[in-house]
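What follows is a short report on a single structure.
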Amino acid sequence: MCEDDHENDHAGIGRRAVFVTGAAAALTLTTVSFASAAGGTGPRTRTVRGTLPPGAPDFVYIPVEVPRGVREIHVAYTYDRPTVPAGTQGNALDIGLFDEQGTDLGGRGFRGWSGGARTEFFVRADAATPGYLPGPVRSGTWHIALGPYTVAPQGLSYEITVTLTYGEQDDAPRPVYPPERAKGRGRAWYRGDCHLHSEYSDGRYTLAEIAGLARAAGLDFINSSEHNTHSAHAHWAEHAGDDLLILLGEEVTTRNGHVVALGTDPGTFVDWRYRARDNRFGRFARQIRRAGGLVVPAHPHATCIGCNWKFGFGEADAVEVWNGAYTPDDEVALADWDGMLVASVRDGRRDWIPAMGSSDSHRSPDVIGRPQTVVLADDLTREAIQEGIRAGRSYVAESSQVSLSLTASGGRGEHAGIGERLRVAADTPVTVRLEVTGAPRCTVRLVTDQGVLFTGDPLPVSGAGVVEWRTTASYAAYVRAEVRHEAAAGPLPGALAAFTNPVFLGS
């Protein structure tokens with residue numbers, strides 16, 4: 001028996017309560033109530049409508065009173081998309097769900113987030129829409145979370161339909177997670193893509209498709225990084241294998257930039273509901289590390305709304321400076337990262353932030369493994385891969401066809417590779433050697449704290465070549481390599497085919 005729809009009108013700003021939850025300002029609307037089950041098993045529906053004005057808070061919560069005896073919650077929503085003047089943002093409304101444990105920052109009550117990727121979702125004990133977590137539907141006050149990402153000058157009018165289905169609940173599944181070890185080659189270079197999206201957030205790839213494409217791209221490891229949800233974690237196990245290590249994480253997508261939580265403990269959720277001005281990021285960076293993960297700001301100079309990184313790099317374990325197909329914002333990120341390297345040697349600091357690259361693939365024709373981070377690790381395990389990334393023993397390549405080897409050596413047999421330090425006196429002659437394969441007609445550049453100090457001739461069509469350059473620690477505090485495609489025109493450098501983290505010179 002389906003109960004007739006009942007409509008709640010949320011129009012009228014005076015009926016809303018604006019409050020601060022310890023994160024960004026939030027708004028709570030009128031509660032939506034349902035009758036008790038009273039022995040029934042059919043669905044019951046409520047519909048609510050309202051309008052959000054320009055300048056609405058980042059998060060708007062609609063409380064839903066869930067009585068006992070409910071086995072499934074289903075939510076569907078629509079909103080208007082009016083025409084706006086050129087250069088003005090239209091409407092975009094994200095959505096998610098918190099259970100009876102509440103909406104407090106930290107996500108104890110988190111049950112899922114689909115952003116703007118879906119128009120409906122369900123949650124029940126034994127199953128849930130991708131992006132959401134299955135589990136018991138307990139009585140109490142649940143909250144539909146709305147995120148008005150952008151609001152048109154006319155406002156954003158929405159309609160939300162909540163359907164509760166009554167009846168006995170099935171058993172919740174026991175999560176099974178992928179192993180933290182794959183069959184490696186001992187200490188070797190391993191290729192990975194640490195920023196990927198599937199149907200569990202706003203991607204279109206299935207997990208099986210991602211795993212297959214990762215193997216085809218020659219990858220040894222990947223990292224699950226769905227936007228603001230860890231719901232995919234329990235579904236990766238069947239796609240792992242001796243040949244593919246699957247790390248678990250999240251892309252924490254705030255309004256002031258995105259950060260990849262890389263290789264966290266299974267089931268770790270990291271909240272995203274704060275801005276830089278809220279001074280909360282440090283708390284969640286520490287949570288990522290306590291969960292065994294790395295903190296990696298993603299595409300820090302991306303131009304999409306909310307993508308530009310505004311939290312600083314004091315908490316970063318690495319930074320993603322190459323994201324997907326190489327574009328001008330990657331060039332800016334690379335230059336900005338090089339500036340951070342210069343600052344670290346200028347200030348005499350031993351700490352520095354390694355660079356990474358990832359595909360950020362969502363759907364075809366996005367290429368998984370373009371680019372990829374190639375890590376020198378002791379084995380193909382979660383811990384070893386993370387240690388190699390943290391130490392900067394890595395380079396970034398556009399595909400598995402490209403391989404690099406960068407070393408520096410002194411006159412007495414001293415030797416250092418990528419991410420390492422060659423400890424020699426300031427005036428000791430140093431030989432820098434770069435070996436390249438898989439980069440036909442590309443140009444090699446050696447970059448130091450003094451700028452580009454060497455540019456080679458284009459590599460032959462075979463794509464293989466060796467470059468040697470001599471310097472001293474007093475002339476170059478570090479050396480890193482860039483391999484670039486031929487420039488299309490003008491003085492600008494060509495797009496990257498690969499680049500390395502630095503080798504540091506001097507005691």
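The shown structure was predicted, so the numbers you read here are calculated from the model rather than taken from an experiment.
Considering only heavy atoms from C-beta on, R283 comes within 4.5 Å of L105 through its side chain. Inter-residue side-chain proximity for R480 and L341 is flagged as met; some heavy-atom pair is nearer than 4.5 Å. Proximity of F499 to L404: side-chain heavy atoms (C-beta onward) are nowhere separated by under 4.5 Å.
Results of the side chain to side chain donor-acceptor pair (under 3.5 Å) test with Y478 over D449, T448, D338 single out D338 as the only residue that passes.
The residues R393 and E387 are annotated as salt-bridged, a charged nitrogen and a carboxylate oxygen being separated by less than 4.0 angstrom. Ionic pairing of R370 and E398 is not present here: no N-O contact between side-chain nitrogen and carboxylate oxygen is shorter than 4.0 angstrom. Between E209 and R204 there is no salt bridge, since no side-chain nitrogen of the basic residue lies less than 4.0 Å from a carboxylate oxygen of the acidic one. We find that R363 and D202 are not joined by a salt bridge, their nearest charged nitrogen and carboxylate oxygen being 4.0 Å or further apart. The pair D278-R273 does not meet the salt-bridge criterion, since no charged nitrogen lies less than 4.0 angstrom from a carboxylate oxygen.
For the residue pair S394 and N501, a side-chain donor N or O sits within less than 3.5 Å of a side-chain acceptor on the partner. Side-chain atoms of R191 and S399 form no donor-acceptor pair, as typed in the model, at a separation below 3.5 Å. Checked by atom type, the side-chain pair T327/D329 shows a donor-acceptor distance below 3.5 Å. Between the side chains of Y132 and S114, at least one donor N or O lies within less than 3.5 Å of an accepting N or O. S201 and E226 share a donor-acceptor pair across their side chains, judged by distance under 3.5 Å alone. Side chains of H197 and D360: a donor on one and an acceptor on the other come within 3.5 Å.
Of the possible donor and acceptor atoms, none in the side chain of S361 sits under 3.5 Å from a partner among the backbone N and O of L196.
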